[in-house]
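FYI, the numbering just counts along the sequence from 1. Start at 1 and go down the list; that is how both ligands and their atoms are numbered.
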Amino acid sequence: MLFSDEENNIVIAEDAYLLKGFLLGQGEPLLLALSNVILQAPLRHMVTPGGYNMSVAMTNCGDWGWVTDETGYRYSLRDPVTNNPWPVMPEIFKKLAIDAAKSVGFNHFEPDACLINQYSVGSKLSLHQDKDEVDFSHPIVSFSFGLPAMFDFGGIKREMPKIAILLEHGDVLVWGGRSRLNFHGVRSIKAGEHPLLGPFRFNITFRCSH
Ligand code: SIN
Ligand code: FE2
């Protein structure tokens with residue numbers, strides 16, 4: 001059941017919150033910073049350990065970047081495409097991620113990793129857990145931009161019931177604590193045209209990886 005807490009955030013599960021429109025006033029500088037990162041570390045379709053090409057195009061910024069290839073999932077200090085360190089995490093990304101976490105009671109969030117996902121129409125992300133990090137006491141903070149998406153948020157086991165949440169441009173999700181390892185995924189993106197981002201959805205997730 002969805003309900004609002006005292007700050008008007010929407011509680012989607014234990015220690016998991018939807019901050020509707022949290023980023024709306026900051027769209028322009030955020031998207032500028034995003035395009036800068038992508039120029040330095042291009043979006044690419046990574047390969048899963050099972051040998052599948054992901055439909056979502058990804059890149060990273062921050063000290064550590066999440067990567068996958070035939071050998072598995074891991075955090076890496078270098079971009080395997082350019083062999084350079086990942087671009088520095090833009091200050092505005094970091095500040096807003098920390099502010100979002102704080103606004104729902106996670107007061108010690110210091111992200112060292114930021115994964116950028118680009119969804120074109122028809123891209124999806126299958127149900128998974130974020131569990132490649134060392135310390136699960138930190139939450140995951142996720143920013144959404146561009147085309148809307150249906151996001152499924154489940155429980156600690158894959159087969160547990162899920163709730164579907166509409167994520168729109170400017171929304172933030174924060175999940176941690178008792179929900180930190182909950183399964184989640186993004187359904188296939190429907191055709192559309194966003195005024196700023198065209199036929200794409202971007203998601204930026206912040207993590208403490210180490
Ligand atoms: C993720 O689970 O890494 C991305 C979630 C999203 O795109 O909303
Ligand atoms: Fe995830």
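- The side chain to side chain contact (heavy atoms under 4.5 Å, CB included) search around Glu110 returns Lys94, Ile98, not counting sequence neighbours.
- Of all the heavy atoms in Trp86 and Cys61, the pair that sits closest is CB-CA, 4.1 Å.
- No hydrogens or angles considered: nothing links the side chains of Thr205 and Asn117 as a donor-acceptor pair under 3.5 Å.
- Nearest N, O or S atom of His184 to the Fe ion (ligand 2): atom NE2.
- The atom name of the N/O/S atom in Asp130 closest to the Fe ion (ligand 2) is OD1.
- Restricting His128 to its N/O/S atoms, the shortest distance to the Fe ion (ligand 2) is reached by NE2.
- The distance criterion of under 3.5 Å between nitrogen or oxygen atoms is not met by Ser142 with respect to ligand 1.
- Inclusion of His184 in the set of residues having an N or O under 3.5 Å from an N or O of ligand 1 is warranted.
- Which parts of ligand 1 touch Val186 is read off a 4.0 Å heavy-atom cut-off, strictly below it: atoms 5 (C), 6 (C), 7 (O), 8 (O).
- Every atom of ligand 1 is numbered from 1 in the order shown, and the set under 4.0 Å from a heavy atom of Arg201 is 6 (C), 7 (O), 8 (O).
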Please report the C-alpha distance between Glu133 and Cys208 in whole Å, then the side-chain angles of each, then the deciding distance to 0.1 Å, and finally whether the side-chain contact (heavy atoms from CB on, under 4.5 Å) criterion is met. CA-CA 7 Å; Glu133 301 73 29; Cys208 281; over 6 Å; no

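- Within ligand 1, the atoms closer than 4.0 Å to a non-hydrogen atom of Arg207 are 3 (O), numbered from 1 in the order shown.
- When only modelled atom types and interatomic distance are considered, Asp132 and Trp66 share a side-chain donor-acceptor pair under 3.5 Å.
- Checked against the 6.0 Å centroid criterion, the rings of Phe106 and His138 do not qualify as a close aromatic pair.
- A ring-centre distance under 6.0 Å is not found for Phe202 and Phe143.
- Within ligand 1, the atoms closer than 4.0 Å to a non-hydrogen atom of Phe151 are 5 (C), 8 (O), numbered from 1 in the order shown.
- Geometrically, ligand 1 and Tyr119 share a nitrogen or oxygen pair separated by less than 3.5 Å.
- Side-chain contact check for Ser179 and Asp15: no donor-acceptor pair (N or O, by modelled atom type) lies under 3.5 Å.
- Ligand-side atoms of ligand 1 in range of Asn117: 3 (O), 4 (C), range being under 4.0 angstrom from any heavy atom.
- A 6.0 Å sphere centred on NE2 of His128 holds more than 12 heavy atoms belonging to other residues, nucleotides or ligands.
- With a 4.0 Å heavy-atom cut-off, ligand 1 is reached by no atom of Leu173.
- Backbone and side-chain nitrogen or oxygen atoms of Asn203 are examined, and one is located within less than 3.5 angstrom of a nitrogen or oxygen of ligand 1.
- Here is the list of ligand 1 atoms found below 4.0 Å of a heavy atom in Leu125: 1 (C), 2 (O), 3 (O), 4 (C).
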